[in-house]
Amino acid sequence: MSEPSQATAFGQLGGEASVRALVDRFYDLMDLEPAYAGLRALHPTTLEGSRDKLFWFLCGWLGGPQHYVERFGHPMLRARHLPFSIGIRERDQWLACMAQAMRDGGMDADLAARLEKAFFGTADWMRNRGA
Ligand code: HEM
C-alpha cells in the first residue's frame with residue numbers, strides 16, 4: 001500500500017490501520033461504558049457489521065479510499081439512520097464515545113479537535129427527534 005497523502009485527515013491519522021483502530025476502540029467503548037448504554041441499545045447484538053461499515057465509511061469521509069461507496073453506493077446517511085430514534089441524548093453519546101476513542105488512541109490534539117467539530121456537524125444532521 002502507498003503512503004496516504006498528508007493533505008487529508010485520513011493521511012494525517014496514519015491511514016487504514018489507524019482508522020480501523022479508532023473504530024474498534026469506539027465500539028469497544030460503546031460495549032463497555034455504562035455512559036453509552038443508550039447508544040449501544042440501538043445497535044445489533046453483535047457489532048461486527050457495524051464496525052466494518054463505520055470503518056469503510058470513515059476512510060472515505062476522512063479523505064481516503066471510498067470503500068463504503070464502492071460497496072453500497074451513496075451513503076444516504078441520514079436516511080439510513082431514520083429507523084433509529086436519534087435526539088440530543090443519542091447524538092451526544094455518539095460524540096462523547098468518539099471523542100473518548102480519539103483520546104484513547106493518542107491522536108494529535110489539533111487533529112482530534114478538528115475532527116470533533118466535523119463529527120458534530122454530521123451527528124447533529126442525523127437527529128430525527130426533537131429533544
Ligand atoms: C447521532 C448519533 C448516531 C446514532 C445514534 C447512530 C446509530 C447507528 C445505528 C444504530 C446504526 C446501525 C448499525 C448496524 O446496522 O450495524 C448506524 C449505522 C451507521 N452509522 Fe450511525 N449513528 C449516529 C451517528 C453517526 C455518525 C456521526 C456517523 C458518521 C460520521 C455514522 C455512521 C454510520 C454508518 C456509516 C452506518 C452504517 C450504515 C449502513 O450502511 O447501514 N453514524 N448508526
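When a residue number appears, it is its place in the shown sequence, counting from 1. In this text, all values refer to a predicted model and were calculated from it rather than measured experimentally.
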Any donor-acceptor N/O pair, [X] side chain to [Y] backbone, under 3.5 Å:
X      : Y     : value
Arg127 : Ile86 : no
Arg80  : Pro75 : yes
Ser18  : Leu13 : yes

Partner residues of Ser50 under the side-chain contact (heavy atoms from CB on, under 4.5 Å) criterion, sequence neighbours left out: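 Ser50: side-chain contact (heavy atoms from CB on, under 4.5 Å) contacts with Tyr27, His43, Pro44, Leu47.
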- request: Output all residues satisfying side-chain contact (heavy atoms from CB on, under 4.5 Å) with Ala101, sequence neighbours left out; order by chain, then residue number.
  value: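 With sequence neighbours excluded, Ala101 shows a side-chain contact (heavy atoms from CB on, under 4.5 Å) to Leu22, Arg25, Phe26, Leu29, given in chain and number order.
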Do the non-hydrogen side-chain atoms of [X] and [Y] ever get within less than 4.5 Å of each other?
X      : Y      : value
Glu116 : Met102 : yes
His67  : Glu16  : yes
Arg91  : Thr122 : no
Glu33  : Arg40  : no
Asp52  : Arg20  : yes

task: Begin with the C-alpha distance, continue with both residues' side-chain angles, and end with the deciding distance and a verdict on side-chain contact (heavy atoms from CB on, under 4.5 Å) for Asp110 and Arg114.
output: CA-CA 6 Å; Asp110 287 345; Arg114 269 203 291 138; 6.0 Å; no
- prompt: Do NZ/NE/NH1/NH2 and the carboxylate oxygens of Glu90 and Arg129 come within less than 4.0 Å?
  reply: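 Between Arg129 and Glu90 there is a salt bridge, with a charged N closer than 4.0 Å to a carboxylate O.
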query: So does Asp92 pair up with Arg89, basic N to acidic O under 4.0 Å?
result: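 No, this pair does not count.
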message: Between Leu82 and Phe84, is there shared hydrophobic-cluster membership here, with clusters defined by ILVMFWY side-chain heavy atoms closer than 4.5 Å?
response: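 As far as the 4.5 Å side-chain criterion goes, Phe84 and Leu82 are not connected within one cluster.
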- prompt: Are Val19 and Leu111 joined in one hydrophobic group, where the rule is that I, L, V, M, F, W and Y side chains link up if heavy atoms are under 4.5 Å apart?
  reply: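 Cluster IDs for Val19 and Leu111 match.
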Partner of Trp61 by ring-ring contact (aromatic ring centres under 6.0 Å, His included), out of Phe119, Tyr68, Trp56: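 Running ring-ring contact (aromatic ring centres under 6.0 Å, His included) over Phe119, Tyr68, Trp56 with Trp61 returns exactly one hit, Phe119.
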Contact summary for [X] and [Y], nearest pair of heavy atoms:
X      : Y     : answer
Trp125 : Leu77 : CZ3-CB, 3.9 Å
Leu115 : Ala9  : CD2-CB, 4.1 Å
Gly130 : Ile88 : O-CG1, 4.3 Å
Phe10  : Pro65 : CZ-CD, 3.5 Å

- request: For Leu58 and Lys53, run side-chain contact (heavy atoms from CB on, under 4.5 Å): C-alpha distance rounded to whole Å, both residues' side-chain angles, the deciding distance at 0.1 Å, then the answer.
  value: CA-CA 8 Å; Leu58 286 184; Lys53 285 177 177 169; over 6 Å; no
- request: Could you tell me whether the side chains of Arg71 and Gln66 share a donor-acceptor contact shorter than 3.5 Å?
  value: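 No, because no side-chain N or O of Arg71 sits under 3.5 Å from a partner of the opposite role on Gln66.
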task: Hey, could you give me the CE/CD distance between Met30 and Gln100, rounded to the nearest 0.5 Å?
output: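 Spacing of CE (Met30) from CD (Gln100) equals 12.0 Å.
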message: Once rounded to the nearest 0.5 Å, what's the spacing between atom CG of Asp24 and atom CZ of Phe55?
response: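 Rounded to the nearest 0.5 Å, the CG-CZ separation comes out at 9.0 Å.
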